[in-house]
Amino acid sequence: MQSYVNYSTEQAVNLLAIDSPSGYTRKAAEYVIAECAKLGIQAELTRKGGVIFCINPEAPVEDALMLEAHVDTLGGMVREITG
């Protein structure tokens, strides 16, 4: 179990270190695709810049699990500071 925690933490740190403001996520998406390839998982870039892959295409539909996440950095903007 600890190896999964370490791997997940390492991947999160690596992915968060990639500059990826909204509209400029290609490097982050390419990182995800490359990491999938290292695990033997075929992944592809969608026309809208997302990444899609299937871990076990032979599994029954009843066992399906879907994960959706952002790879872009969503920043906040300060409009004004009041007293």
Worksheet item: Is atom CG of L39 surrounded by more than 12 heavy atoms (other residues, nucleotides or ligands) closer than 6.0 Å?
Response: yes
Find the distance between [atom1] ([X]) and [atom2] ([Y]) and round it off to the nearest 0.5 Å.
X   : Y   : atom1 : atom2 : result
I18 : R26 : CD1   : CZ    : 13.5 Å
D19 : T25 : CG    : OG1   : 12.5 Å
I52 : C36 : CD1   : SG    : 11.5 Å

Discussion item. Just so I know, are the side chains of Q11 and Y31 near enough to count as touching, which here means a heavy-atom distance under 4.5 Å?
Written reply: yes
Practice prompt. Compare all side-chain heavy atoms of L15 with those of V32 and state whether any distance is below 4.5 angstrom.
Written response: yes
Fill in: Qualifying residues under side chain to side chain contact (heavy atoms under 4.5 Å, CB included), relative to Y24, sequence neighbours excluded
P21
Worksheet entry | Which atom of L45 lies closest to which atom of I33, heavy atoms considered | N-CD1, 3.8 Å
Item to complete: Of all the heavy-atom pairs spanning A29 and G49, show the shortest one and how long it is.
Response: CB-O, 3.9 Å
Discussion item. Please evaluate residues Y4 and T9 with respect to the criterion side chain to side chain contact (heavy atoms under 4.5 Å, CB included), reporting the C-alpha separation (whole Å), side-chain torsions for both, the decisive distance (0.1 Å), and the verdict.
Written reply: CA-CA 8 Å; Y4 292 117; T9 302; over 6 Å; no
Discussion item. Between the side chains of K38 and E35, is the shortest nitrogen-to-carboxylate-oxygen separation below 4.0 Å, so that they form an ion pair?
Written reply: yes
